[in-house]
> 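Please read through the structure below; I'll follow up with questions.
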Number of protein chains: 2
Amino acid sequence: MRPLVHPSIEDITVEGILHALSDPVRAAIYAELAISSGATCSNFLKISDREIPKSTLSQHFRALREAGLIRSERQGVEMRNSTRCEEINQRFPGLVMAIMKAHQVQAEERMRASKRKLAVSKSRSG
Amino acid sequence: MRPLVHPSIEDITVEGILHALSDPVRAAIYAELAISSGATCSNFLKISDREIPKSTLSQHFRALREAGLIRSERQGVEMRNSTRCEEINQRFPGLVMAIMKAHQVQAEERMRASKRKLAVSKSRSG
DNA sequence: TTCCATAGTTCATAAGTTACGAACTACTGG
DNA sequence: CCAGTAGTTCGTAACTTATGAACTATGGAA
């Protein structure tokens, strides 16, 4: 089994970061990790109402890791993941924060939209 | 020929923006447009020392347009392109600016790196 | 008009990327 | 050593992207 690859800070690219975070599942994983550092992969088998197969999840973690966004370390039988946000923020100040903030804005909008929709369907049926 | 698609501001997604700007050619086009608004597609047939086939370029413009990053308008025989940065900045404050800034940091680093390399090869040969 | 040139789009397809089930490896406790 | 849990790898099907060739759209000249 090949060892985990973590790019050194100067090998991290903007393209890589953007690509990694342009996937909604990976963005959600990253956001969650930013809050609760040290989570394992299988903590995310269910994310935002979707079941993710574990092989897919493994690939998502690899993508985040090889883009330089997270660090993964084996701890016994499981994997502890944490963000590399301080490092990245030093190299690309404000980048990751702006992206996370935008994702949050969007999540809030979607929540509002789904509430509106629910209200409309209730008023139609009732 | 199907008409140009420009998403309305509320249909623009963070995923879409990140994906569009995760390609170095598209990021370069966008950066250039941010400075010199109104450029045409064929202004970019050569970008950062690379020849881009015009069909490929057309697809890149479509990607930027459908992600909501640029607006394209036919003007006579050509297409005038401009960024939608004010709109986007209203919805996702700071996002696009942070990305552009990061791309710039990286471009500067690469320039420094290539200069160092050149100096090394000169000192070896001389 | 008709024809030509310029600017860009579309289409077919080849090349590359991603998703996911099945089979694997790695570690732990009994 | 075995069983169980956590995660990885591999094969392949599905999707995406790049590009040449053929097309559309527009404007000007004959």
Side-chain angles (χ1 to χ4, degrees), chain A residues 1-6 13 15-30 32-33 36 38-67 69-82, chain B residues 1-6 13 15-30 32-33 36 38-67 69-82:
Chain A
M1 205 157 272
R2 83 172 75 103
L4 302 181
V5 174
H6 291 96
T13 66
E15 297 91 319
I17 291 174
L18 298 188
H19 179 247
L21 295 179
S22 73
D23 180 283
V25 172
R26 287 194 295 261
I29 291 173
Y30 185 85
E32 193 56 37
L33 279 179
S36 63
T40 68
C41 298
S42 46
N43 289 158
F44 298 97
L45 284 168
K46 200 167 178 190
I47 196 163
S48 45
D49 308 343
R50 239 166 66 69
E51 294 290 340
I52 315 277
K54 69 177 184 163
S55 60
T56 304
L57 206 54
S58 177
Q59 299 301 339
H60 281 318
F61 273 92
R62 183 150 84 103
L64 287 168
R65 191 164 53 236
E66 298 191 353
L69 283 161
I70 67 170
R71 191 177 295 285
S72 317
E73 291 169 288
R74 187 168 269 273
Q75 204 151 102
V77 75
E78 59 196 14
M79 215 69 144
R80 299 263 143 209
N81 297 285
S82 53
Chain B
M1 206 158 271
R2 82 173 75 104
L4 302 181
V5 174
H6 291 96
T13 66
E15 296 91 319
I17 291 174
L18 298 187
H19 180 248
L21 294 179
S22 72
D23 180 282
V25 172
R26 287 194 295 261
I29 292 173
Y30 185 85
E32 193 55 38
L33 279 179
S36 63
T40 67
C41 298
S42 46
N43 289 158
F44 298 96
L45 284 169
K46 199 168 179 190
I47 197 163
S48 45
D49 308 343
R50 239 166 68 68
E51 293 291 339
I52 315 275
K54 69 177 185 164
S55 60
T56 304
L57 206 56
S58 178
Q59 299 301 340
H60 281 317
F61 273 92
R62 183 151 85 103
L64 287 168
R65 191 163 55 236
E66 298 191 352
L69 282 161
I70 65 171
R71 192 176 294 285
S72 316
E73 291 169 288
R74 187 168 267 274
Q75 205 152 101
V77 74
E78 59 196 15
M79 215 68 144
R80 299 263 144 210
N81 297 284
S82 53

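Here is how names work: the chains are called A, B, and so on, in the same order as the sequence lines, proteins then strands, and each is numbered from 1.
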> Go through DNA chain C in 5' to 3' direction and return only the first and the last nucleotide with some atom under 4.0 Å of chain A's heavy atoms.
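Contacts span C:dT18 to C:dT28, reading 5' to 3'.
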> Taking for each residue the nucleotide of DNA chain C bearing the nearest heavy atom, is the 5' side occupied by A:Met1 or by B:Gln59?
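Comparing both residues, the 5'-ward one is B:Gln59.
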> Taking only residues two or more places apart in sequence or in another chain, which ones pass side chain to side chain contact (heavy atoms under 4.5 Å, CB included) with A:Arg62?
A:Arg2, A:Gln59, A:Arg65, A:Glu66
> Step by step, work out the side chain to side chain contact (heavy atoms under 4.5 Å, CB included) result for A:Ile29 and A:Leu57.
CA-CA 10 Å; A:Ile29 291 173; A:Leu57 206 54; 4.0 Å; yes
> Rounded to the nearest angstrom, tell me the gap between atom CZ in A:Arg80 and atom P in D:dA6.
11 Å
> Would you compute the distance between atom CZ of B:Phe44 and atom CG of B:Leu33 and round it to the nearest 0.5 angstrom?
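Output value for this atom pair is 4.5 Å.
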> Under 4.0 Å from any atom of DNA chain C, heavy atoms only: list the residues of residues 70-78 of chain B that qualify, in numerical order.
B:Val77, B:Glu78
> So which of B:Ile17, B:Ile70, B:Val25 actually passes side chain to side chain contact (heavy atoms under 4.5 Å, CB included) with B:Tyr30?
B:Ile70
> May I have the distance from B:Arg62 (atom CZ) to D:dT19 (atom C1'), rounded to whole angstrom?
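It works out to 14 Å between those atoms.
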> Shortest non-hydrogen contact from B:Ser72 to B:Asn81?
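Of all heavy-atom pairs spanning B:Ser72 and B:Asn81, the closest is OG-OD1, 2.7 Å.
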> Would you please name every residue forming a side chain to side chain contact (heavy atoms under 4.5 Å, CB included) with A:Ala67, sequence neighbours left out?
A:Ala20, A:Leu69
> What pairs with A:His19 under side chain to side chain donor-acceptor pair (under 3.5 Å), at least two apart in sequence or on another chain?
none
> Apply side chain to side chain contact (heavy atoms under 4.5 Å, CB included) to A:Ser48 and list each qualifying residue two or more places apart in sequence or on a separate chain.
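Side chain to side chain contact (heavy atoms under 4.5 Å, CB included) check on A:Ser48 returns nothing, list empty.
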> D:dA6 C1' sits how many Å from A:Asn81 CG, rounded?
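Computing the A:Asn81:CG to D:dA6:C1' distance gives 12 Å.
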> To the nearest 10 degrees, what angle separates the axes at the start and end of the helix from C:dT1-D:dA30 to C:dG30-D:dC1, five pairs each?
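The angle separating the two end axes equals 0°.
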> Enumerate the residue pairs fulfilling salt bridge (Lys or Arg N to Asp or Glu O under 4.0 Å) with a member in residues 41-58 of chain A, sequence neighbours excluded, ordered by first and then second residue.
none
> Does a nitrogen or oxygen in the side chain of A:Arg2 sit under 4.0 Å from OP1 or OP2 of D:dT9?
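Yes, such a contact exists.
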> Listed by chain and number, what are the side chain to side chain donor-acceptor pair (under 3.5 Å) partners of B:Glu32, not counting sequence neighbours?
none
> Return the 5'-most residue of the pair B:Leu57, A:Pro3 with respect to DNA chain D, ranking by each residue's nearest nucleotide.
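Between the two, 5'-proximity favours A:Pro3.
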> Side chain to side chain donor-acceptor pair (under 3.5 Å) with B:Arg80: which residues, sequence neighbours excluded?
B:Glu78
> Between the side chains of A:His6 and A:Arg71, is a donor N or O closer than 3.5 angstrom to an acceptor N or O?
no
> Which residues pass the side chain to side chain contact (heavy atoms under 4.5 Å, CB included) test with B:Val77, sequence neighbours left out?
none
> Let's see if you get this right: which residues in residues 46-56 of chain A place a heavy atom under 4.0 Å from DNA chain C?
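Residues of residues 46-56 of chain A that come under 4.0 Å of DNA chain C are, in numerical order, A:Pro53, A:Ser55, A:Thr56.
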> Please report the distance, rounded to the nearest Å, between CZ in A:Phe61 and C1' in D:dT8.
13 Å
